[in-house]
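This report refers to the structure that appears directly beneath it.
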Amino acid sequence: MLGTTAVPAAAEERPRPPDRDPVAVGRGGAVSTVDPDATEAGLRILRSGGNAVDAAVAAAAALGVTEPYSGGFGGGGYFVYYSARDRQVYTLDGRETAPAAMREDSFLENGEPIPFAEAVTSGLSVGAPGTPATWEHALEEWGTVSLRRALRPAIDLADRGFVVDETFRRQTADNAERFADFPATADLFLPGGAPPEVGTVLRNPDLADTYREFARHGTGVLAGGIGADIVRTATAPPVAEDADRTVRPGLLSAEDVAGYEVVERDPTHVEYRGLDVYSMAPSSSGGSTVGEALNILERYQPEDLGPAELQHLTLEASKLSYADRNAYIGDPAYSDVPLETLLSEDFAAQRACRISPDAVLPAPAAPGDVTGGGGCLDGGTPAEEGAEGPSTTHLVTADRWGNVVSYTFSIEQTGGSGIVVPGRGFLLNNELTDFEFEVSETGAGAANLPAPGKRPRSSMAPTIVLEDGRPWLAVGSPGGATIITTVLHVLVDRIDRDMTLPEAVEAPRLSQRNAAATQAEPAFIGTPEQKELSELGHTFSEVPEIGAVAALEFLGRGRIQAVAETERRGGGHAAVLVPGR
Ligand code: GLU
């Protein structure tokens with residue numbers, strides 16, 4: 001098998017990524033991702049007559065090359081699709097599944113949870129990948145091109161190489177210590193023993209070969225050599241001889257990997273200010289938590305509120321819906337998830353009555369009573385600690401026929417498990433660390449304990465908003481549990497604060513997840529709004545950056561505005577098929 005090469009790019013042969021553009025306006029289709037090469041891959045498919053689904057798969061496969069630490073063949077995600085022909089929103093749950101051998105206590109040793117960092121870099125946290133089946137299923141159901149054509153741009157990119165940028169180098173450097181402990185990972189991402197320099201070209205011929213095989217045989221490859229290699233690598237992680245690291249073996253079997261099935265689910269749906277907001281149902285908590293917060297906010301009229309008042313309500317709605325998320329959401333195949341109640345107007349009314357206009361609800365807030373009792377339960381759900389990393393990736397696409405895709409996918413941690421499948425060019429996920437390792441003292445988290453074949457609870461919230469039954473907006477973000485708050489704030493800023501979509505994406509981000517302090521980006525600290533909220537009793541903890549949005553909006557008369565980040569995560573790239581106002 002060929003190794004990867006990172007060579008100083010000779011000026012004349014250097015593959016140059018297109019420039020980054022945070023906003024593009026035009027017609028005929030649009031793509032927005034965190035990466036210029038991936039956006040270009042999607043655009044190439046649109047240009048040759050493909051639809052939004054084809055372009056989404058092409059862009060995602062390209063992200064597997066250029067953003068291999070955020071998502072790819074070895075991971076999973078959620079694909080939300082608006083079909084212009086049937087005027088319906090469809091979703092695919094391509095979340096990784098736990099091995100059949102996994103048990104409720106698989107992350108415990110001597111009755112204690114294993115250290116989280118050790119769970120991350122392990123075979124134990126590797127779930128059966130759902131991304132290959134997601135791409136295949138999406139193309140078969142709604143696409144117009146073959147897997148072979150959709151993967152073509154990504155194969156070219158992996159063969160030819162891409163130019164290492166600052167973000168890629170930094171993410172590699174952040175992971176260098178653990179990558180060095182796995183020879184296959186080090187060969188690929190630490191050429192010459194160190195993170196590749198900015199401006200050098202990184203090729204991944206092994207991944208090109210994996211994609212070629214996948215293009216030929218579809219998910220059949222998971223029952224063949226590629227599947228066998230995934231199982232071998234997860235169950236006996238190939239650690240360097242001199243590595244001083246506990247790497248627990250995984251439980252995946254050949255049947256787990258070959259038998260993976262993507263699930264077509266109904267989307268979550270709430271009406272907000274006359275718009276229809278569709279997002280991802282459990283196993284993700286994204287759609288239900290964003291939806292519940294919007295339902296609570298719907299009870300207030302934005303025109304009656306000043307900016308700080310609206311922000312206060314948004315933070316409180318976010319806090320309450322997070323309490324419910326932590327208490328009730330898990331894989332619906334394993335517990336009774338009260339989705340209908342959580343998204344009902346009655347429940348929103350019951351939750352909203354806890355909010356005071358001039359005081360801050362103590363956190364953690366208790367979850368609501370979903371039995372129809374109207375009261376609250378005892379005991380709050382502890383907030384998730386720590387800053388959420390910028391792992392995972394999100395993309396949006398639209399085409400000339402009015403189809404739209406909003407797709408979030410991941411390998412969980414930036415760099416996933418840190419374990420590359422030897423000779424195959426992709427990292428294995430560590431998505432099973434999204435399970436609770438044990439139930440908390442308040443009993444929270446039971447819905448999200450590990451079990452055979454179960455999907456861990458996610459926060460991914462790929463969202464599509466319709467106006468009068470036609471697509472108006474698509475949005476999503478990475479960022480673990482902050483995904484939910486990022487999507488919520490972008491929607492509220494765009495809809496209730498009359499910001500344009502680029503302004504809403506640019507705005508300093510907050511994340512209230514049922515914790516005493518709300519996380520805030522530096523640009524928010526010191527603003528008059530922050531001071532007003534602090535006087536009311538809110539406290540803020542500063543974090544460098546939250547999320548990395550990709551979004552688009554239909555501006556009317558066939559015009560589309562595609563939007564990406566300007567600064568966060570090094571900036572993304574938005575493009576339209578035919579530029580022009
Ligand atoms: N595993 C996370 C989830 O599904 C996403 C990883 C991240 O963005 O940090 O919610």
Side-chain angles (χ1 to χ4, degrees), residues 33-34 63 67-72 74-80 91-98 107 116-117 119-122 125-131 134 167 171 174-175 279-290 322 325-326 329-331 384-395 406-418 427-437 445 447-448 450 454-463 475-488 509 511 513 519 543-550 565 568-569:
T33 81
V34 298
L63 287 168
E67 297 275 327
Y69 308 145
S70 299
Y78 299 92
F79 193 99
V80 177
T91 81
L92 293 181
D93 179 334
R95 183 70 159 171
E96 298 89 335
T97 50
F107 285 103
F116 190 75
V120 167
T121 308
S122 77
S125 64
V126 179
T131 292
T134 305
T167 307
Q171 290 179 340
D174 289 348
N175 276 291
S279 190
M280 197 61 223
S283 59
S284 183
S285 60
S288 67
T289 314
V290 171
Y322 248 92
R325 163 205 188 262
N326 292 356
I329 305 292
D331 184 338
E384 286 168 46
E385 293 296 329
E388 292 280 334
S391 42
T392 310
T393 192
H394 179 76
L395 63 87
S406 189
Y407 179 30
T408 314
F409 57 107
S410 182
I411 53 172
E412 166 44 17
Q413 210 82 10
T414 303
S417 64
L427 281 156
L428 291 175
N429 69 82
N430 67 299
E431 213 76 58
L432 305 186
T433 57
D434 273 356
F435 282 125
E436 304 298 326
F437 290 7
N448 190 37
K454 187 172 176 179
R455 288 160 151 82
R457 180 186 63 212
S458 168
S459 299
M460 294 185 227
T463 298
V475 60
S477 174
T482 68
I483 291 170
I484 291 166
T485 53
T486 293
V487 169
L488 173 66
R509 292 206 181 116
S511 185
R513 308 195 300 280
Q519 292 179 337
V543 292
E545 191 173 287
I546 300 175
V549 168
E565 295 284 359
R568 294 182 187 95
R569 223 200 230 192

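Just so you know, ligand 1 is whichever comes first in the structure, and atom 1 is the first atom listed for that ligand.
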*Using the side chain to side chain donor-acceptor pair (under 3.5 Å) rule, pick out the option among N448, D93, D434, T97 that qualifies with R455.*
D93
_N/O separation below 3.5 Å, S459 to ligand 1_ = yes
*Taking non-hydrogen atoms only, is S458 closer than 4.0 angstrom to ligand 1 via side chain, backbone, both or neither?*
both
*Would you mind telling me if ligand 1 is within reach of the side chain of Q413, the backbone, both or neither, using heavy atoms under 4.0 Å?*
neither
*asked:* Would the distance check show the side chain of T131 and the main-chain N or O of G75 forming a donor-acceptor pair, the cut-off being under 3.5 Å?
replied: yes
*Looking only at side chains, do Y78 and S283 share a donor and an acceptor under 3.5 Å apart?*
yes
*asked:* When you compare ligand 1 with G479, is there at least one nitrogen or oxygen pair between them that comes in under 3.5 angstrom?
replied: yes
_Heteroatom proximity flag, G480 to ligand 1, N/O under 3.5 Å_ = yes
*What about R457: any of its N or O atoms under 3.5 Å from an N or O on ligand 1?*
no
*Quick one: which ligand 1 atoms are inside 4.0 Å of a heavy atom on E431?*
1 (N), 2 (C), 4 (O)
*Between S406 and V80, is there a donor-acceptor pair closer than 3.5 Å when you use the side chain of the first and the backbone of the second?*
no
*Considering the heavy atoms of D434, write down every atom of ligand 1 situated less than 4.0 Å from one of them.*
1 (N), 2 (C), 3 (C), 4 (O), 10 (O)
*Got a sec, which residues hit side chain to side chain donor-acceptor pair (under 3.5 Å) with T408, two or more places apart in sequence or on another chain?*
H394
*asked:* Checking T289 against R325: is there a side-chain donor and acceptor pair closer than 3.5 Å?
replied: no
*How would you list, by chain and number, every residue that makes a side chain to side chain donor-acceptor pair (under 3.5 Å) with R509, sequence neighbours excluded?*
E565
*Examine the proximity of ligand 1 to E96 and report which part, side chain or backbone, both or neither, has a heavy atom under 4.0 Å away.*
neither
